[in-house]
Amino acid sequence: MSHAPVLPADPPAALEWPERAKAEVAEVISHYPLKRSAVLPVLWIAQRTWGWVPPAALRLVARTLELPEPEVFGIATFYTMFNLEPVGRHHLQVCMTLSCSLMGADRLFRHLEERLRIGHGETTPDGRFTLRRVECLAACGRGPCMQVGLDYHENLDESRVDALLETLR
C-alpha cells in the first residue's frame, strides 16, 4: 500500500532560523541556565517552523545550542513527538497500547487503513493524511484514542472516526 505522497521539498542543506523563530528560540534559551537544557523546546520550534525536523534542522539545533549533532539526533529519535520525515496535513496517531487495543484500537487502525488506503507510516497521495501506530497517549480509561495533530480524540469507534475524517477533508 505504498503511495508517493505530495509533500514539501526538503529544505536546503544549511538552514537558518527565520526571524520570528530566531526570536522564539532566544526567548526559550533565556529560561535555562544551560543552553543544552532547551533542546526539547528548540526541536519543537524547528518542527513548527518546517512542519517536520529535517536533517538540516537537526544540525541547526545542534549549532544553536552548541551540542554535538549526534546528541541532538539521539534526542529527536527518542521522542515520538518529533517527525524526522514529512507528514501529511493531518497526522493521525492511533494508540496501540494494551488498554486501547483491548478497547478496539487494532480494529480501528485496520478501518483507517482501509478508508485511507495507506498503512502505518504512510501518507495519502494528496498529502492530507499520515497514519501511525503509537504507544500510550495516556488515555487508558477512554480508549481507543487517536491524536490528530495536537488534538486528542477518545472513546472512538468506526463511525466516530469516519465523522472525524469528514471534518478533516
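Residue numbers start at 1 and run along the sequence shown.
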Answer whether the closest heavy-atom distance between the side chains of Asp106 and Met96 falls below 4.5 Å.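 They are in side-chain contact.
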Can you find a pair of side-chain heavy atoms, one from Val72 and one from Leu65, that are under 4.5 Å apart?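 Result no, sub-4.5 Å side-chain heavy-atom pair not found.
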Other residues, nucleotides and ligands only: do more than 12 of their heavy atoms fall within 6.0 Å of [atom1] on [X]?
X: Arg48; atom1: CZ; result: yes
X: Phe73; atom1: CZ; result: no
X: Glu85; atom1: CD; result: no

What pair of heavy atoms forms the shortest contact from [X] to [Y], and how long is it?
X: Ile29; Y: Thr64; result: CD1-CG2, 4.0 Å
X: Ala46; Y: Val61; result: CB-CG2, 4.2 Å
X: Glu154; Y: Cys145; result: CG-SG, 4.1 Å
X: Trp44; Y: Met81; result: CZ3-O, 3.6 Å
X: Val39; Y: Ile75; result: CG1-CD1, 3.8 Å
X: Phe82; Y: Ala76; result: CB-O, 3.8 Å

Does [X] use its side chain to pair, donor to acceptor, with the backbone of [Y] at less than 3.5 Å?
X: Thr130; Y: Thr123; value: no
X: Thr97; Y: Cys136; value: yes
X: Glu69; Y: Leu58; value: no
X: Arg128; Y: Arg169; value: yes
X: Asp157; Y: Arg160; value: yes
X: Glu122; Y: Gly119; value: yes

In terms of hydrophobic clusters joined by side-chain contacts under 4.5 Å, are [X] and [Y] together?
X: Leu43; Y: Val28; answer: yes
X: Val94; Y: Met103; answer: no
X: Ile45; Y: Leu150; answer: yes
X: Leu131; Y: Leu168; answer: yes
X: Leu34; Y: Leu67; answer: no

Run the numbers on Glu158 and Arg115 for salt bridge (charged side-chain N to carboxylate O under 4.0 Å, His left out), then give the verdict. CA-CA 10 Å; Glu158 288 86 342; Arg115 277 292 310 268; over 6 Å; no
Can a salt bridge be assigned to the pair Glu113 and Arg110 using a cut-off of 4.0 Å between side-chain N and carboxylate O? no
Would you call Glu27 and Arg20 a salt bridge, using N to O less than 4.0 angstrom? no
Working for salt bridge (charged side-chain N to carboxylate O under 4.0 Å, His left out), residues Glu16 and Arg63: CA-CA 10 Å; Glu16 293 301 328; Arg63 225 174 38 246; 3.2 Å; yes
Would you compute the distance between atom [atom1] of [X] and atom [atom2] of [Y] and round it to the nearest 0.5 angstrom?
X: Arg132; Y: Thr80; atom1: CZ; atom2: OG1; value: 9.5 Å
X: Arg142; Y: Ser99; atom1: CZ; atom2: OG; value: 11.0 Å
X: Ser30; Y: Lys35; atom1: OG; atom2: NZ; value: 12.0 Å
X: Leu60; Y: Thr49; atom1: CG; atom2: OG1; value: 9.0 Å
X: Gln47; Y: Leu84; atom1: CD; atom2: CG; value: 8.0 Å

Go through the steps to decide whether Leu116 and Leu92 satisfy the test side chain to side chain contact (heavy atoms under 4.5 Å, CB included), and finish with yes or no. CA-CA 11 Å; Leu116 299 173; Leu92 311 177; 3.6 Å; yes
For residues 106-139, the ring-ring contact (aromatic ring centres under 6.0 Å, His included) pairs (sequence neighbours left out) are His90-Phe129
Met146 and side-chain contact (heavy atoms from CB on, under 4.5 Å): which single residue from Leu137, Val134, Leu164 fits? Leu164
